[in-house]
Number of protein chains: 2
Amino acid sequence: MNDFADDHHSELLAQVASLYYEQDKTQNEIAAELSLSRVKVHRLLQEARSSGVVQITIHWPMSSDLELASALESRFGLQKAIVLRVRRADDPQTLPRLGQLTARFLESRLRQATTMAICVGRATYEVVHAISPDAQTKVQVAQAIGTMPRFYQKYDSSALVGQLAQKLGGGVSYLPSPLMADTPEAAHVIRSQRDIEEALHVARSADIALIGIGTLDPQTSGFVKTGLVDQAGLERLRREGAVGDMGWRMISADGQLFPADFDPRIIGLTLDDFQRIPMTIAVASGAVKAQAILGALRSGVINVLATDSETASLVLQAEAEITVDA
Amino acid sequence: MNDFADDHHSELLAQVASLYYEQDKTQNEIAAELSLSRVKVHRLLQEARSSGVVQITIHWPMSSDLELASALESRFGLQKAIVLRVRRADDPQTLPRLGQLTARFLESRLRQATTMAICVGRATYEVVHAISPDAQTKVQVAQAIGTMPRFYQKYDSSALVGQLAQKLGGGVSYLPSPLMADTPEAAHVIRSQRDIEEALHVARSADIALIGIGTLDPQTSGFVKTGLVDQAGLERLRREGAVGDMGWRMISADGQLFPADFDPRIIGLTLDDFQRIPMTIAVASGAVKAQAILGALRSGVINVLATDSETASLVLQAEAEITVDA
DNA sequence: CAATTCACTGTGCATTTGTTCAAAAGTAAT
DNA sequence: ATTACTTTTGAACAAATGCACAGTGAATTG
C-alpha cells in the first residue's frame, strides 16, 4: 500500500524532472500539462533533487599536478610520479580517477612488456578496472601474492588477475596458494610445491609490477579486514616502528623490511623480488597513507608512484620535516 | 598546448558548475567570486551542460507492469513473468534495469537451489552484473554453453560464470570447450571428453537456468558478432522459417528446434536439456526480439520470462493476431 | 592598410524561478 | 462535533535567469 503510493509519487517526481531537465520545458508548461500549480511543480522539482531522483554529476577534467610530480621524482629518484590533482582529499571519486590516470600510464608501458605481476588492493583494483579492454597487448599477467581469506570478493587477488588478463588478451599465471600459511614451516612446504614455485618464478621475472601500499590505520588496513592481524596487533606493530606495507610486507619508516612475526608465513613476492623488477608501480592515495608511502619510497623498491596531490604534498612535507630534524 | 588550454577551460566549466549546482550559489555570486560577468557565467553553465561536464540523470523508479505480466503468464503458462515498465522502448537504460529486476527475482529463488546453469548474452550479463555480492547462497554455477570466439570480452561466457560464482560464494563448473566445433564429428569427440561430459552433466542437472534470447536481426545477432554466421546466412535462416535462438539453438515461429546446419556442431545444452531444468529463466528485451520471444515461449522451454512492457505488448499482440488467423 | 568577418562581451529587458505568507484542508484527540 | 494541531496549497511578490542585440577587438582577406 505504502509502496504503491511511494512508487507513484517518485514516478511523478521523475516525470516532472524529465519534462524539466530533459525536455527543457518551463515549470509553467509542466504545470499546465499535468494540471498542477506552478508552485507545486517547483516543489516537486526540489524534492526530486533532494531525494536523489534527479542526480547532477560534475565531471572534473583529470589533470596531473606536474610540479608535485617532478618534486617527488627528484626527491625520491623515481622514474615517474603520477599525481592526480584533487580539490578535496576525501572525495570518493579520487581513487577511481587515480586508477584511470594510472591505467593510461600502464597501458603505454605495457607495449614493451611481456609479463606483469600484480597484487591485490583497493587502489590496484581501480587501476585494473580502468584498463581498457581494447588494450590487447598479449602481456602475461601474474599473481604476485597468495589469495586472501574472507576478503570482500571484489578485491580478490585471483579474480583481479583473471580480469586483467582477459582485458589484455594475454595469459594468466595464478598463484594457487593462500596469502598466509599457518606456520613458517607450512609456508616453506607450500612454496616448494612445483606449481607455486613456478608461479612465483613467473611473477619474479615480470617486467612490470603493480602494487598497493597499506597502512596501519585500523579503519583502512587490509590486515584487519582479512582478519590476519587484529587491532591490538596492529597497534603493537605501529609501536615497534612499522609504518605500513607493500604487498603484505611490513615496512618501517626508513624503508627497511620490518620483521613482523607473520612475515615468514606469507606466500608471495618479497620486497627484494619487487626491487629486482625493472618497473614497480605503486598506487596509493589518502592522507592516512602518507607515512606508509614515505616509507615505501625510501625503501627504493618503487620506481613509479601514483597518488593524489593532497597526499603527495603531505609526503613531501613529512620528508622535508624529517630531513631537517636529522 | 591545446590540451593545456582545453583542460583549463573544462576545469573552469567544472568549477562554475560545482559552485552553481553543488554549492547552490547564484550566477551573480559566482560572477563576483571569479570576476566574470554574469552573462559569461551563464554561458559557461550552458556549455558545461551541453558538453557533458555537467550530467543530469533521472532515476525512474523501477516498477513492474503486473497486468502485462499476468497476461503473459496465463497466455503461455509461465510460472512467472517479470515485466519492467518502460516509457520508451529504445531507452538505453532498459536492459540494466531489467537486469536489476530479474536479479532480485533470481536471488529470491536461489535460496532453494543448489546448481544454476547460465548462458552468455547481453541480457544475462546484466542480470549477473546486478546480482548483489552479498547474496552468498553457495549455489554452484555451471557454464551451459561453450566459450565464444572473438566476442566482446565483457560477455564472455566463462568470465560471466566465474563472476557469478564469486558473487554467490559458490563453486564453478566451467565448460572448457569452444562454443562451436568445426565439424559435427569434432563436436562429438569434444563432447565425449570426460571433463566436458561432466561439465555438461552438471549444467543439465541444474535447478535453475538463465538464458537469453537472440534474434536474426543482423545488427543485434550474436551469431554475426561472433562471426559464426554471416549476414547472408542469417537471411537464409530467416527465409527458411527460423525466428531466433535460445542458447544458440535456433527456433522456428512455432517453438520447434529449427535444424540449422551448424546445430550439431554446438557444444552446450540442448533445448531438451533446458526443458528438463525445473526453472528456466529467459531474459530478453527490445522490439526486434518480439518474434524470437514468441517462438521461445511457444517452445515450452521457458518457465520464467523477463522483459519490458513494450516488448511484452508486442509479443501478446503478435500471439493474438496469429491465433485469430489460424 | 582598410574592409570584412567572426568570435566574444556585456547591457537591458522579458521570462522564468524561488519564496513568503495566509488561507484551506487534513488529522487527531477530546 | 469541536478544538488544536500539522500539512498542503496557491496568489503575490522578489529574485534569478535567459535572451536579443549592439558593441568590441582580434584575425583574415582583398
Side-chain angles (χ1 to χ4, degrees), chain A residues 1-64 66 85 87-88 91 93, chain B residues 1-63 66 85 87-88 91-93:
Chain A
M1 188 81 193
N2 204 352
D3 265 9
F4 187 74
D6 276 11
D7 228 47
H8 269 238
H9 184 64
S10 49
E11 186 146 340
L12 179 61
L13 291 184
Q15 189 181 10
V16 171
S18 169
L19 289 167
Y20 189 75
Y21 287 108
E22 292 178 341
Q23 298 176 50
D24 292 316
K25 307 203 175 186
T26 69
Q27 297 181 4
N28 263 319
E29 287 173 316
I30 298 169
E33 193 166 328
L34 305 178
S35 33
L36 302 165
S37 74
R38 191 189 59 77
V39 184
K40 174 120 201 179
V41 171
H42 175 243
R43 283 178 185 135
L44 288 171
L45 282 170
Q46 263 185 336
E47 195 187 340
R49 281 186 299 254
S50 68
S51 70
V53 168
V54 169
Q55 200 179 38
I56 300 180
T57 330
I58 296 172
H59 301 278
W60 289 84
M62 268 193 293
S63 64
S64 318
L66 301 173
R85 196 178 276 146
R87 274 144 295 281
R88 299 198 339 270
D91 192 328
Q93 284 188 11
Chain B
M1 188 81 193
N2 205 353
D3 264 8
F4 188 74
D6 275 10
D7 229 48
H8 268 239
H9 184 64
S10 49
E11 186 146 340
L12 180 61
L13 291 184
Q15 189 180 9
V16 171
S18 169
L19 290 167
Y20 189 74
Y21 287 108
E22 293 178 341
Q23 298 176 52
D24 292 316
K25 306 205 176 184
T26 69
Q27 296 181 4
N28 263 319
E29 288 172 318
I30 298 168
E33 192 167 328
L34 306 178
S35 30
L36 302 166
S37 75
R38 192 190 56 80
V39 186
K40 174 120 199 175
V41 171
H42 176 241
R43 283 179 184 136
L44 288 170
L45 281 170
Q46 266 187 331
E47 193 186 342
R49 280 187 300 254
S50 68
S51 69
V53 169
V54 169
Q55 200 179 37
I56 300 180
T57 329
I58 295 171
H59 300 279
W60 289 84
M62 268 193 293
S63 65
L66 300 172
R85 195 178 275 146
R87 275 141 297 279
R88 300 198 338 270
D91 191 328
Q93 283 188 12

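Just so it is clear: chains get the letters A, B, ... in the order the sequence lines come, proteins before strands, and each one is counted from 1.
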Practice problem: Kindly indicate whether the side chain of B:Leu12, heavy atoms from C-beta on, has any atom under 4.5 Å from the side chain of B:Gln15. | Solution: yes
Taken to the nearest 0.5 Å, the spacing of A:Gln93 CD from A:Met62 CE works out to 10.5 Å
Taken to the nearest 0.5 Å, the spacing of B:Ser35 OG from B:Ile30 CD1 works out to 13.0 Å
What residues 35-53 of chain B contributes to the DNA chain C interface at heavy-atom separation below 4.0 Å is B:Ser37, B:Val39, B:Lys40, B:Arg43
Students should find that the nucleotides of DNA chain C closing off the region near chain B, any atom under 4.0 angstrom from a heavy atom, are C:dT9 to C:dT11
Short side-chain N/O contact to D:dT17 OP1/OP2 from B:Tyr20, under 4.0 Å: yes
Separation of D:dA14 atom C1' from B:Asn28 atom CG, nearest Å, is 14 Å
CG of B:Leu36 to CZ of B:Arg43, rounded to nearest 0.5 Å, is 12.0 Å
What's the verdict on side-chain hydrogen bond (donor to acceptor under 3.5 Å, both in side chains) for A:Tyr21 and A:Arg49, showing C-alpha distance, side-chain angles and the deciding distance? CA-CA 11 Å; A:Tyr21 287 108; A:Arg49 281 186 299 254; 2.7 Å; yes
Q: Indicate yes or no for a side-chain donor-acceptor contact from B:Ser50 to the backbone of B:Glu47 under 3.5 Å, with no hydrogens or angles considered.
A: yes
Atom CD of A:Gln27 and atom P of D:dA15 are separated, to the nearest Å, by 18 Å
Between A:Leu34 and the options A:Leu19, A:Val41, A:Leu44, the side-chain contact (heavy atoms from CB on, under 4.5 Å) test singles out A:Leu19
TODO: Establish, from distance only, whether the side-chain atoms of B:Ser18 and B:Glu22 form a donor-acceptor pair under 3.5 Å.
DONE: yes
